[in-house]
Amino acid sequence: MAGSGRLTREFFARDAIVVAPELLNLVLVGRGAAGRIVEAEAYGGELDAASHAYRGATRRNATMFGPPGHLYVYFTYGMHHCANVVCGPEGVARAVLIRALAPLRGLGAMRRRRGGHLSDVELCSGPAKLCQALGIDRADDGADLVSGGGLALVDDATPPPADPRCGRRVGLSARTGEAAVHPWRFAVPGDPNVSAAGWALE
DNA sequence: GGGGGGATTCGG
DNA sequence: CGAATCCCCCCG
């Protein structure tokens with residue numbers, strides 16, 4: 001294994017489809033809490049009808065076109081935030097959506113931000129849930145995960161699974177056409193924070 | 001300047 | 001299964 005600590009900018013500068021399975025088991029730290037990434041999806045920019053960057057740069061997706069290793073946060077359905085790790089070289093819009101975390105530390109803070117009396121698995125088992133649990137919103141769009149202060153992505157020497165679960169991405173509308181069939185969703189096999197549904201490859 | 005849709009979640 | 005409920009994008 002390659003030691004522990006912060007990751008390099010070069011780690012994120014590769015294509016999202018390469019980085020996505022390697023994000024599994026890395027730890028997202030911040031806001032008095034931490035969670036291990038157990039589910040992630042790659043998005044392929046202008047080549048991918050399901051990507052926010054499919055039709056080029058806009059104010060909303062600008063962070064995806066910036067340098068790798070930053071966080072692209074977007075607001076959706078009028079009430080939810082989702083967080084992506086920007087990949088690829090600067091100017092190339094690639095990203096990996098973080099879909100689930102295994103809570104590691106600060107479960108009290110997570111539970112307070114999520115509200116209600118939730119089980120551990122209910123805290124971060126979804127892309128909008130984990131943002132709420134860590135207090136991530138649009139103000140965090142562009143945050144630097146490599147050298148920033150508030151949020152960081154670190155390697156705690158837990159390697160990614162040798163046999164990650166792979167399947168279709170979640171929640172894509174029929175309009176995205178064949179982009180929906182790509183097996184660009186990855187997860188840690190057997191982790192209870194990963195939803196069981198939607199893994200069909202055909 | 002207006003309307004439709006969205007990488008979701010939760011409750012009925 | 002529909003509501004919640006905002007931002008962005010496209011079209012006129």
Side-chain angles (χ1 to χ4, degrees), chain A residues 12 15-17 19-21 23-24 28 35 37-66 70-88 92-101 103 110-143 145 164-187 192-201:
Chain A
F12 299 105
D15 200 271
I17 193 63
V19 174
L23 287 188
L24 297 178
L28 184 59
I37 296 176
V38 292
E39 184 178 353
E41 284 178 355
Y43 283 85
E46 76 284 0
L47 306 176
D48 180 3
S51 170
H52 290 170
Y54 184 54
R55 291 181 170 81
T58 65
R59 188 166 77 249
R60 174 209 207 187
N61 65 26
T63 298
M64 260 199 287
F65 289 84
H70 291 247
L71 202 62
Y72 165 53
V73 180
Y74 66 89
F75 185 80
T76 191
Y77 293 104
M79 53 196 315
H80 295 302
H81 298 272
C82 293
N84 304 254
V85 179
V86 175
C87 298
V92 176
R94 298 290 184 273
V96 179
L97 173 68
I98 305 174
R99 289 200 56 89
L101 302 177
M110 289 182 178
R111 199 163 271 117
R112 185 163 58 250
R113 284 185 286 248
R114 289 274 291 127
H117 301 275
L118 301 176
S119 70
D120 291 1
V121 159
E122 289 171 306
L123 292 175
C124 297
S125 54
K129 294 180 190 177
L130 68 92
C131 282
Q132 187 178 31
L134 290 185
I136 293 171
D137 60 24
R138 260 189 79 77
D140 298 301
D141 184 39
L145 299 170
R165 193 163 191 198
C166 305
R168 285 187 181 199
R169 295 175 293 179
V170 176
L172 307 187
S173 73
R175 249 198 57 270
T176 58
E178 65 182 42
V181 308
H182 295 307
W184 290 349
R185 176 189 183 198
F186 302 91
N193 297 280
V194 176
S195 69
W199 289 96
L201 275 176

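Source: prediction; values computed, not measured. Quick note on labels: first sequence line is chain A, next is B, and so on, each numbered from 1.
Between A:H52 and C:dC8, a side-chain N or O to OP1/OP2 separation shorter than 4.0 Å is absent. An OP1 or OP2 oxygen of C:dC8 is reached within less than 4.0 angstrom by a side-chain nitrogen or oxygen of A:R59. Note on A:R99: a side-chain N or O is less than 4.0 Å away from OP1 or OP2 of B:dT8.
Relative to the side chain of A:R60, the nucleotides B:dT8, C:dC6, C:dC8 differ in distance, and C:dC8 lies closest. If you check B:dA7, C:dC6, B:dT9 against the side chain of A:F75, the one that comes closest is C:dC6. Closest approach to the A:L172 side chain among B:dC10, B:dA7, B:dT8 is made by B:dA7 (side chain taken as heavy atoms from C-beta onward). Listed nucleotides: B:dA7, C:dC7, C:dA4. Nearest to the side chain of A:M79: C:dA4.
Taking a cutoff of 4.0 Å between a charged side-chain nitrogen and a carboxylate oxygen, A:K129 and A:E122 do not qualify as a salt bridge.
Across all strands shown, A:A50 has heavy atoms under 4.0 Å from base atoms, whether or not it also approaches the sugar-phosphate.
The distance between atom CZ of A:R55 and atom C1' of B:dG4, rounded to the nearest whole Å, is 14 Å. Regarding A:R114, its CZ atom lies at a distance of 14 Å from the P atom of B:dT8, rounded to whole Å.
For the pair A:Y43 and B:dA7, the ring geometry qualifies as stacking, because the centroid separation is below 5.5 Å while the planes lie within an angle under 30°.
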Worksheet item: Which dot-bracket notation, 5' to 3', represents the base pairing of DNA chain C when pairs are defined as Watson-Crick or G-U with both distances under 3.5 Å, crossing pairs as [ ], and inter-strand pairs as |?
Response: ||||.||||||.

